[in-house]
Amino acid sequence: MISKKKLKFNIKRLLNFTKVFFRKKQGVVGVVIILAFLLIAICAPLLTPYNQLGVPHNAPIHQGVSSPWAKPSWARYLPTWLGGGPELSENMIAVKNPLEQGWRYKILSDLTNGQLKVEPNYYVNYPNSPEGCIAVTYKRNPNTQPEGRVKVQVESEFYWPYSGPPGELSGSVTLLVNGTSATHLFVPVEAWVYIERLSDGKKWYLWPPPSKLKGEFGHNIEWVPSGTQGVIVPKGYEVNKTVINPHSNPPDEYSGEVYISKPRNGDTSGWITTKQSTISSSGRNFIEREGLYGFPNKRLDLRTIVSGEGNYTYGVEMVFMDEEIYPSNLTLTGKITLMGIIKLENNETIYELPVNLNTHQILRLPPLIKDGEYDVSIKESSFRVYKKEIEISGKLKVHVPNHADPIVFPISFSIPNQYGIQELVTGSVSFKDVKAKTEVIEPETIETIVYIDNLSLRFFGTCWGLLGTDQYGRDLFSQLIYGTWVSLYVGTLSSVCSVVIGLVVGLVAGYSGRAVDEILMRFADMLLVIPFLPLLIVLMAVLGAKIENLIILMGLLGWMGFARQVRSQVLSLRERPFVEAAKAAGAGRSHILMRHILPNVMGLVYVTLATSVPGAIVAEAALSWLGFFDPWRMSWGRMLHDAQQYGLSTYAWWWVIPPGLCIAALAFSFILLGFALDEVLNPKLRIRR
Amino acid sequence: MGLRMYIVKRVIYSIILLFFVITLNFIIFMLMPGDPSSLFMPPPGNMPKEEYEKWRHEIEELYGLHEPIHIRFYKTLIRLLTWNFGKSLVTWRPVAAEMLEKLPWTLYLIGTSTIISIIIGVALGVLVAFKRGGKFDNIMVLTSIVTYSLPTFWIGMVFILIFSIHLGWFPSAHGLPTGWAINPPHPYSIEVSQASSGLSINLLLTSDTIVVIQGFLRHSFLPMLTLILFSYGGWILLTRAVMLESLTEDYIITARAKGVPERTVLFKHALKNASLPLITSAALSFGFILTGAIITEAVFTYPGLGRWVWGAIAQRNYAILMPIFYVIAICVIVANFVADLLYGIIDPRIKYG
């Protein structure tokens, strides 16, 4: 219970101290800067709505707020030698919902028997499409001749207002293909998404991007939900992969076609979705100076597509493949011999492996038998080498033969051996005495409808926000704001840690006997000899780059200098008359230490609290810069780490300068505060470094 | 107690320190997570099986991985004392040889810049102390504090931004032009050291000297400037402090009263007497020659020890980290020892003990 008088005295003392302190100009400046940074750190979520770290690394959708390496918005008004230019573009949503914005279609084939209708569709049982979609319907009487390939385009026009290209585009489309019967789609569809430049009629196909999709989409695909947003895609095809990595090596190529067909048996509709496919204009951010960076420029480049101001269209081109290939079921029965070689994956031993399947096997081949790869599984084979019974499943490469000939299929699959390691088996399957039965399914009606939904296109500009973006398109300004907290946190807390340890050690060493003093001080000397930064780095490598670890380590490694100061102070204080008086009055050791010596050292404590913060801040920044940063937090040092790798060569000085200035300003303000406190609290001592 | 006794005492103290450093080193690497044999072994995929086994055996012998802990400690002690550092996990070359290869670069870079910043700092410090209280004093003190609180790597980055990216005057990385690895400046046979990520120093001896020296200096200019800018402020502040102290001594007043010219007072009387802490802290600063390089060399990818250490940390190359940590500590211990000795020898007022 503090008495009223004491409280009053304390308040008065505090007020008096503030009055004296605020007479020091440097102290006021220091305090103001520190408070400003503190305010920024606390209000970070209010100051910037964007996430410091962006969307997680492997997200399929665009990570940042704009394209990577976007310059600050004010760079438009900068001269070119400062990295600016009037051609910089902002983010823009070019095509949002064609039904509202206006759309048009073109039928590019002559039709004699078939009918093609393109119309808005508001009432179909179509999930996730409350605002409606566009339905493209192809219809033909089954008794008439097939039309062959029927081509149609559905597109929407937009205007690009900037003189320069965008940094990145991100488009999406959802296509739903609806066929006639429950098991078979009689008219498969191919689809591409394109951008056309209206000024010279040039056209670029953006999607489907990876060429490996080619041919994967036949019938009998297993459709599985993909990890993101419950989209159903063919097996082996991930939505993630539609994001084209502009920095992949070799770059992804933009070719390929996609057959869109039915998903599973019994399902009447099939999805093929790309949520977003991203294209980056390559090389644009790399200033062309000799010997800096060569950049592979093979891929589709936005600079050539949306090259400047003008009208463009964005749309889907579809080809209805109305050909006389009908789905069929094929059943093969006969004696099967497997000839194979087992190749162990780890070392290079090869085993010859004749495999005889004694029982009659039935291979069920896909209904539509075409050249291609099919999944196959055979049970009850007898392997001589490892196992008696095993289930083989693998991919059959099928070349459709004349059924009278013996059929030889190359086969490759992997089986686990007795160690559980997958081994690759390559060989061939040959059929003898094959009885083949084929039943062709005749269509009753031929009608394929394609619903086009979510046709949208977004451009990410080459400039954004207050400080632009980093190499992932994340907002640099947010990073700067959130970094404040890390520096303040690490700086103050580790300073507190080291000062507390130093105070305790110094008091104990100074006031206890010679032996303890000697041991403690020798230990401090030894720690002083060991180089700080390498030790910190090695220990961080051991303990892991967590921010709390860093604080503790810096506390444990930074107390020695202060302990020495406290010790010398205590040594002189214990000889003073007032201590002697207290001793004479019968005060105990701990009483003298706590009530008489400690208050006299507190001035030193406050000063060191302030002056040891800058070192901690710079050390944290240096460690982050060297790569030992907390992956879940953005700090100024980490910003500079990224800038060193990605920003320097692009001349992104707006990325390099601000974090460094912030570090310097914060460190400097603590130094000023420390000096001011020193002058106020220790007028006699003048302890300066 | 005489000087000899004092030296003996310092030697004993240094030996204890060395023992302490080795113990700490041992403890740190003992605490490392993971199997110790995997800590000092490269991933097995990189080499043939027999060689891998052979090497593993060698390493187990060297580090005593299967021995009880006291024998392991003894082995570590002997190994470090006999300079037997083992092989780098990345290049598979002896660590000591690799260290020697990098050493000249760092010695040159840090040594030169330390000397230059001491000269600049002391000269300016004397000047500032002479004109104390004036505008010049305030400005110099302020700028030294500011440059002292700037992070080194950031200064380096700004220099790269201005002088090499924007103006294109100086190269931003490496110790010598990288093109020389393929196209040396003179058609002599030049040994190119792949491991040093630059060219080896004997390039200087064999090819067109002027061109080589020019390239060498151009590449070391920015790192050196960074280091000087980082450290001169501390020297100014230190010199100013000790000068102010000695300028208030009685013998200065006496000298002035005698009519000794101001310059003589400043340099002969004041600086000479104030030089003691300067000399000792110069000696101490050479002890940190290897540490000071880590960040600067990382910024400029300068092929010295600092960058090597940084690379070792990034690659978790513990076989390098352990000895380098030890060598750095030895440098500091030696520098401390030298500083102590200097203190004892220069200042006759010191009572040893």
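All chains are named by letter (A, B, ...) in the order of the sequence lines, taking the proteins before the strands, and each is independently numbered beginning at 1. Since the model is a prediction, treat every value here as computed from it, not as a measurement. Only heavy atoms go into these numbers, but all of them, side chains included; no hydrogens, no water, no symmetry mates.
- Contact annotation for B:V299: both backbone and side-chain heavy atoms come within less than 4.5 Å of a heavy atom of chain A.
- Side chains of B:T296 and B:T226: a donor-acceptor N/O pair is absent below 3.5 angstrom, by distance only.
- At a 4.5 Å heavy-atom cutoff, B:I155 makes no contact with chain A through either its backbone or its side chain.
- Contacts with chain A were tallied for B:I324, B:L161, B:V21; B:L161 has the most, counting heavy-atom pairs under 4.5 Å.
- Here A:L661 is the residue among A:I671, A:L661, A:I617 with the most heavy-atom pairs under 4.5 Å with chain B.
- Most heavy-atom pairs under 4.5 Å with chain B: of the set A:G647, A:A665, A:A622, A:A667, this distinction falls to A:A622.
- Remark: aromatic rings of B:W310 and A:F628 are distant, center separation not under 6.0 Å.
- B:F337 is linked by a ring-ring contact (aromatic ring centres under 6.0 Å, His included) to nothing, counting only residues two or more places apart in sequence or in another chain.
- Annotation: cation-pi geometry not satisfied between B:R307 and B:F300 (NZ/CZ under 6.0 angstrom from ring centroid, within 45° of ring axis).
- Heavy atoms of A:L666 lying under 4.5 Å from chain B are absent altogether.
- Not a single donor-acceptor pair under 3.5 Å links the side chain of A:D678 to the backbone N or O of A:V607.
- The greatest number of non-hydrogen atom pairs below 4.5 Å with chain B, out of A:I657, A:V618, A:D525, A:L533, is found for A:I657.
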Dump the intermediate steps for side-chain contact (heavy atoms from CB on, under 4.5 Å) on A:W653 and B:I165, then the final yes or no. CA-CA 10 Å; A:W653 56 267; B:I165 306 279; over 6 Å; no
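- Among the candidates A:F670, A:W636, A:F668, the single residue satisfying the ring-ring contact (aromatic ring centres under 6.0 Å, His included) test with A:F37 is A:W636.
- Both the backbone and the side chain of A:L640 come within less than 4.5 Å of a heavy atom in chain B.
- Taking both residues in full, the closest heavy atoms of A:R638 and A:S624 are given as N-CB, 3.5 Å, listed atom of the first, atom of the second, then distance.
- Contact count versus chain A (heavy atoms, under 4.5 Å) is highest, among B:G234, B:C331, B:S149, for B:S149.
- If you tally non-hydrogen atom pairs under 4.5 Å between each of A:W625, A:F532, A:W81 and chain B, the highest count goes to A:W625.
- Contact annotation for A:A643: both backbone and side-chain heavy atoms come within less than 4.5 Å of a heavy atom of chain B.
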